Every structure is written in C-alpha cells, then in structure tokens.
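A quick write-up on the structure given underneath.
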Amino acid sequence: MRILQLHSDFIEYKPIKKEIAMAEKAEEKMHKFEDIVVLFVAVEEGDNDAVAKKAIEEIKQSLDKLKAKRVLIYPYAHLSSNLAKPADALNVIKAMEKYAKANGLEAYRTPFGWNKQFTISIKGHPLAEQSRTFLPTEAKAEKAEEEKVSEAVKAEEKLKSTWYILQPNGKMMPVEEFDFAKHENLGKFARYEISKVRAVQQMPPHVPLMKRLEIADHEPGSDPGNFRWYPKGRLIKSLLEQYVTEEVVKYGAMEVETPVMYDFQHPSLADYLNRFPARQYLLKSEDKELFLRFAACFGQFLIMHDTQFSYRQLPLRVYELTRYSFRREKSGELAGFRRLRAFTMPDCHAFCADVKQAKKEFVTRFKLSMRVLEGIGIGKDDYELGLRFTKDFYQKNKTFLTSLVKLLKKPVLVEMWTERFFYYILKWEFNFVDNQNKASALSTDQLDVENAKRYDITYVDAKGKKRNPLILHCSPSGAIERVVYALLEKAYMDQQKGKAPMLPLWLAPVQVRVVPLSDKFQKNAEKIAQEIEKNNIRVDVDDRVLTMQKKVREAETEWINYIIVVGQKEIDSGILPVRDRKMGKIRPMKLETLVEEIKEETKGKPFKPLPLPKLLSNRPQFYG
RNA sequence: GCCUCGGUGGCCUAGCCCGGUUAGGGCAUCACCUUGGUAAGGUGGUGGUCGCGGGUUCGAAUCCCGCCCGAGGCUCCA
C-alpha cells in the first residue's frame, strides 16, 4: 500500500466519470472539505485487512503530532504500478475507513472507481506532505523498492498556470478571448495543451508508413518503445543526425560524448533526478545502482564541473547527439515515433555569464532552431510556438519575449506560472500538430537558473571571483525520431490534399531510379546510373523481370523522386524522359540537366551513398 | 499504470459471435511463359507453433482464465 499524506487547508473534488464497472455510487457534484488530512491511497497486490489496520495506526500517530483528526481517504491508483484487483482494493479501503473511525478519527472517503477532478491546497508546514509505504508482511519489507514520488511531481500538483496568446505586436490576451479562425493549428495546439482534446480513433499515419517504406519498426525482442531501423531508415536518420550536428557546430558548439549510464547515488545526480517527473530505466551492476540517461545534461554538467573557464570565454556551448536517451514512459503513452522509450536527442547547452547574455544567446538559438527545421523541410507554417515563463520574468522582459514572437511573425501560445516550480524560468518549444490533432514538441530551449549551483559549475568573473553561470538547454531539432515522425505525418497530410507524398530530396533513400524498358537495355540503364552516381546522387536500377508499368508503379509507391525509363528512343536521342514526382509529370531532359537540378536542390546538405544493392534483383525485402 | 479494441505464412486479411472436412483469399517470394513506352501481364509452386501458457470438451483459430505485444482513450509529456 502506498499513501501520500497531505495536510490541506481544503480539498474540493468532483466525480466525473466511472472508470470501472464496479464503481461505487456517487453524486456528480463538487464536494468540499476544509482543514483535513488527505490520504491518497493506492492498494497494492497482496494488501489486506492487517495492512489497512497498520497503516491507520501509523497515520494516527502522525496526526496526533499535527493535532489533526479529520481525514479523507482518497483512492488514487497512480501511486503504484502493482495495483490490487479493484474488488480487493475496495475492501481494504473500506477497512481503513472502519479502523480510522475506531481510532477516534473523523473519517471520510471519496467514491472508489471514479475519475475525479480535484483541487487541493496544502499547508506550508514541514510535515504537511509525507509519503508512506506499507507491505503485507515484514518479511517482504526489504523488497520495498520505493518508487519515489519526486518533488517535481508533487510540485506539479500545486502548479498554477494561466494561458495567453501573445502576438507579434506585443499584445497579450487570455487564450479564451483570442479568435483562432485564421490560426487553426495554433487553436489545435492550444486546445491540446490546455484541455487535451479527444482525438479520433485511428492509428497515427506515420506508423504504417514507416513500416511500408522500410524505415523502421518495433523490435519485439526489446522493450516497448525501442525500434529497429532498416537500411533506408538508418540512412534518413543518419543524414538528419549529421545535418543537425553540422549546424550546431557551425553555431559554435563543441561536440563531446558522454556515458549513457550514471550512478544513482551521485549527489548532484540524485538531487537532479528528483526534479524530473519521469521514470528512468534502472540497472543493477554488482552492488551499484545505475540509471540510463534521459538527456545529455548529466554528462555535460559533470564535464563542466571539472572545467576551468572565464567570463571572457562565455557564452560557452557544448553539444552532444545522444544516441540514445532513455525515458521509461508508461506503456500506455507510447506511440510510434511520437513517443519512445529510447530516442536520439541532439542536446546543446550554453553557459552564460548573466541574464543579459543569456537572452542574447537565447535569440541566436531560436533562430538556429528555425533554420535547422527549415533545412529539414519543416517550415514555420508546420509548427506552433509554446512559450512558457514565470510571471516575474514576464514583467521584467516583455520586450524581449515579444522579440521572439516577432521572429516567428505569428501569434503564439503562452503559459505563465505564478511561481517557479521547475529549474527554469523560461522555456519554449516548436510544436508539430499531427493528423490526429495532437501536438508534439520538436525544437526547444530553456533558461536554467538552478543546475549550475547543483553541479557546482563555476566560471571566473572580471574580478577573479567564482560565479555560477546560467545554463541554456536546447535541442535545435528535437528528437531525431520525432523529426522523422513529423516528416511522415506531413507527407500524409499532403497526400490527403491530393499531392504526392514525398520526403525532401536530400533525405530520400533513393533519389533516382532507372528502369530499363526490357532486359535488352539493362547495360544502358546501368551505364546511365553510373553517370548519375558519380555526382553523389543515390540511384538504383530496376533490373527485375517485370513489366515496365509495374516497375513504375512500385517506384511511385516507394516515393522515388525521379524515375527514368530507358529504351531504344533514349539511346538514339540522348534525351531522358524523367518522371518528376514533385511536378507530377514526365519532363524530357538531358542527363546533365537532371544532375545539375539535383545538386542544386540538395546543396549544403550532407550526402551518403545508397545503403542497399544498386540492382533491385539483389535486394532483400525487409517488410511486406 | 487503468479502460477499450486488436494479434491468423514476410505483409494485409476471411473464418471466431453459434466449437466439427486438408484454415480461404490478396500482395510478396520461387519457377516457367511474356520483352513491354510510364501506377498492378499470365500459369504453377513453396511457405502456417492461428501471439504465448493453461483450462473446458470426444474435438478449440473459435469458449473460459492468465500473460506478452500493438493501437486508441484516460493519465503523463522535464
């Protein structure tokens, strides 16, 4: 049994919806209790009457110290991942109520089996918040692997935020007063963030696409949310990784590499972990407890802790492409490439002397992120800005915040916190809105005022004094997997609009396919392919024994950008009929012209050769 | 984690409600025929622990229980 004990000034709750068939009877109206100790209770497998009794006895002792005698028993499943069956849980909960009354407490109970809405105000004293675990027998006690309810989770329960729309002209209005008619996606994003709209019952389109296009698939031999990447997918991912890294290095970052696992007991890390509401993958190695990183922060901060630097060198930028970062998301929230347990995250930290410098750097990185997404093929019409800050920061920095919105040239969603609960005072993300009207963050940056101290990172200022820098946390593209998700979802949207779905040319696994009209022309086709290949273009030859029509059809379903059929006419004339996917027609052109066009379109982007045998007859089929 | 729906050769799927021949079809794959002018040429063959484990039954893809995996919803999203 797990109990979160909160001494509150008041709690209000309202039963909304029955979660299970055996839910108790309840009145669907607001209930309010004042000056009461709320017991959020999760009944676990094996809990029984004795556990209920023991729990109440211990709580009674604690309440005596608080001079409190009113309790509200509130069934709360989310404290445990090892819940008892509902019927057993209800019995235990009822037993608790019985024992509480027997112990002279004034006991109340919220209905079991309901989805409830609640508001709680917690008293400020040191003993107001306590968490407890009770196990069925003492023998099992040492197995109690306390799933810590982190400070961040508790903080979020108290978090109060208000929502606004901030326009490029600096005008900020409450979100409900804004007219979304001309800003459909922003409206979808706002609704998703604030009220969590119900999505249509449908598989996300990128999931079947990533399989059919042989990009990636679930790996059943691993943990959920871990993917296998086929050659075409690996090429796409690898090009994206290379591109983002090149752009961040151009911006001035120093690339490093740090471990994927860390000591749970390291003091800075343990403290930091407590600031994150997510769960980690844990591993035991001999007597050490390790966790897998969920971002590059750890490694980079530990490096910077041991690094000597002065104010003259600031801002200092450190970068790593984490392959992988791990977050043990709850199984029910995993969704294709949108949300994974292992993902590739470019993560760039900038260490700044003061707020003024941090703000300037923040703008540089905002522009960098826009540029990176643009280069990938995700323009500013494809995402919406979420801008989040504390009220205090807003009052001192209105002009600065508006300047970010001006860069984007469209209204943005604002979340304002009355107090600072996280380690940052300012944060933004670019959110992609997909075919299910769900929003997912791509690029993001944060202004961190807490971790330099926690990790004891210092620079020497002009007077020779040690100071903690401010730290910016930026991912200029967001997780690479999520970029692939956005590209595929975007292609699907195009298809819905009647346009041919496709990937940006520089990311297409096969850019040109040469189709010999019959096997008589195969040598000619291979020769043309060789000429194209010399120019760093990914080209293959469909030498299979199939009709030309069928080969064209397959090339189209593979989203190949240019298809060239080669027969006698082409050999005689030297003019190639190029089937252009983007323009949707066949364009007669010379080989050199096509090569020039492709080189121009892919200029400045990384290149990698074809990741598969050049002849289709030599190629295995990974899926379907 | 909870609730709902699903899992049948490499892929998509019929059959399941109402238990009973050799589990049917399409795509892919292999062989042969076809050598073509821009989105599916023809014929034949190979290929199956019906997600896994247990139960009910003379008999289970089909009914019951447990588990695993996927999707959707809730929750969560640093």
Side-chain angles (χ1 to χ4, degrees), chain A residues 16-21 23 42 44 76-83 85-86 89 113 115 147 150 152-153 155-156 192-193 196-204 207-208 211-212 214 217-225 272-279 294-295 297 325 327-336 338-340 388 421-424 427 429 431 436 438-441 444 446 448 451 473 475 500 513 515-522 544-558 563-570 577-579 585-586 620-624:
Chain A
I16 302 291
K17 203 181 119 204
K18 280 191 186 180
E19 291 278 27
I20 52 175
E44 300 182 288
Y76 196 68
H78 315 291
L79 293 172
S80 171
S81 53
N82 181 34
L83 291 173
K85 293 202 176 56
N115 169 262
E147 182 122 31
S150 74
V153 171
E156 278 196 308
Y192 185 72
E193 278 295 312
K196 318 284 183 191
V197 287
R198 187 176 298 270
V200 274
Q201 177 119 6
Q202 170 206 12
M203 201 192 277
V207 172
K211 293 181 187 182
R212 190 178 64 70
E214 295 195 322
D217 201 352
H218 304 104
E219 176 47 70
S222 180
D223 197 43
Y272 187 38
L273 278 173
N274 207 23
R275 291 294 267 151
F276 283 84
R279 302 163 186 211
F294 47 81
C297 305
S325 285
R327 297 181 190 182
R328 220 201 61 208
E329 309 289 6
K330 286 182 275 177
S331 57
E333 21 179 78
L334 299 169
R338 201 165 76 80
R339 202 159 176 80
L340 303 144
R388 300 159 206 261
F421 286 107
F422 304 113
Y423 56 76
Y424 45 82
K427 175 190 188 238
E429 340 87 38
N431 292 275
Q436 296 171 304
K438 290 190 176 178
S440 308
T444 179
Q446 303 164 354
D448 173 353
N451 280 307
H473 302 233
S475 184
R513 171 158 300 166
V515 176
L517 188 60
S518 76
D519 56 11
K520 286 202 287 285
F521 305 107
Q522 188 178 324
R544 294 172 303 170
V545 191
L546 294 171
T547 58
M548 181 269 297
Q549 282 86 344
K550 182 131 188 181
K551 292 182 191 178
V552 169
R553 177 185 150 81
E554 289 203 7
E556 288 285 355
T557 59
E558 278 182 57
I563 304 163
I564 306 169
V565 175
V566 176
Q568 193 58 49
K569 274 195 297 196
E570 289 68 37
V578 179
R579 196 175 159 117
K585 61 177 185 186
I586 294 170
Q621 195 179 324
F622 292 99
Y623 184 88

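Values in this document were obtained by computation on a predicted structure and should not be read as measured data. Letters A, B, ... mirror the listed sequences (proteins, then strands); counts begin at 1.
Using atom P as the reference point in both B:G54 and B:G15, the two lie 28 Å apart (nearest Å). To the nearest whole angstrom, the two C1' atoms, one in B:U22 and one in B:C30, are 23 Å apart. One P atom belongs to B:C16, the other to B:U62, and the distance between them is 12 Å to the nearest Å. Nucleotides B:U35 and B:G41, compared at atom C1', are 11 Å apart to the nearest Å. Taking atom P in both B:C5 and B:C18, the straight-line distance is 16 Å, to the nearest Å. One P atom belongs to B:A23, the other to B:G9, and the distance between them is 14 Å to the nearest Å. A gap of 11 Å separates the C1' atoms of B:G51 and B:G6, to the nearest Å. Separation of the C1' atoms belonging to B:A61 and B:C52 is 14 Å when rounded to the nearest angstrom.
Within the structure, every side-chain polar atom (N or O) of A:Lys550 is placed at least 4.0 Å from both OP1 and OP2 of B:G37. Taking 4.0 angstrom as the limit, A:Arg579 places a side-chain polar atom (N or O) nearer than this to OP1 or OP2 of B:A39. Using a 4.0 Å cut-off, some side-chain N or O of A:Tyr623 falls inside it from OP1 or OP2 of B:C12.
The nucleotide B:U4 finds its pairing partner in B:A71, both defining distances of the Watson-Crick or G-U wobble pair being shorter than 3.5 Å. Partner assigned to B:G44 is B:C30, using Watson-Crick or G-U wobble distances below 3.5 angstrom.
Residue A:Glu429 is out of contact with every strand shown, counting any heavy-atom pair closer than 4.0 Å. If you check every strand for non-hydrogen atoms under 4.0 Å, A:Gln522 touches nothing. Contacts of A:Lys551 with the nucleic acid, taken as non-hydrogen atoms under 4.0 Å apart, are absent. Heavy atoms of A:Gln549 sit under 4.0 angstrom from primed sugar atoms or phosphate atoms, though from no base atom. Among the heavy atoms of the strands, none lies under 4.0 Å from A:Ile563. Heavy atoms of A:His473 sit nowhere under 4.0 angstrom from any nucleic acid atom. Using a 4.0 Å heavy-atom distance criterion, A:Arg212 is classed as making no nucleic acid contact. Residue contacts shown for A:Lys520 are limited to sugar-phosphate atoms, with no base heavy atom under 4.0 Å away. Using a 4.0 Å heavy-atom criterion, one finds that A:Pro577 contacts the bases of the nucleic acid, with or without backbone contacts as well. Counting any heavy atom pair closer than 4.0 Å across all strands shown, A:Val545 reaches a base atom.
The distance between atom CZ of A:Arg544 and atom C1' of B:U35, rounded to the nearest whole Å, is 16 Å. Between the P atom of B:G7 and the NZ atom of A:Lys211 lies a distance of 14 Å, rounded to the nearest Å. Summarising the geometry, the separation between CD on A:Glu554 and C1' on B:G41 is reported as 14 Å, rounded to the nearest angstrom. One can place OH of A:Tyr192 at 11 Å from C1' of B:U75, the figure rounded to the nearest angstrom.
In the set B:G37, B:C77, B:A39, B:G37 carries the atom at the smallest distance from any side-chain atom of A:Leu517. Candidate nucleotides B:G70, B:G36, B:U75 were compared by shortest atom distance to the side chain of A:His218, and B:G70 ranks first. Of the candidate nucleotides B:C76, B:G73, B:G72, B:G72 has the atom lying nearest to any side-chain atom of A:Ala335. Picking from B:G37, B:U75, B:G73 the nucleotide with the shortest atom distance to the side chain of A:Met548 gives B:G37.
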Give the intermediate values and the outcome of side-chain hydrogen bond (donor to acceptor under 3.5 Å, both in side chains) for residues A:Gln446 and A:Asp448.
CA-CA 6 Å; A:Gln446 303 164 354; A:Asp448 173 353; over 6 Å; no

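Between A:Met548 and A:Val565, the closest side-chain pair of non-hydrogen atoms falls below 4.5 Å.
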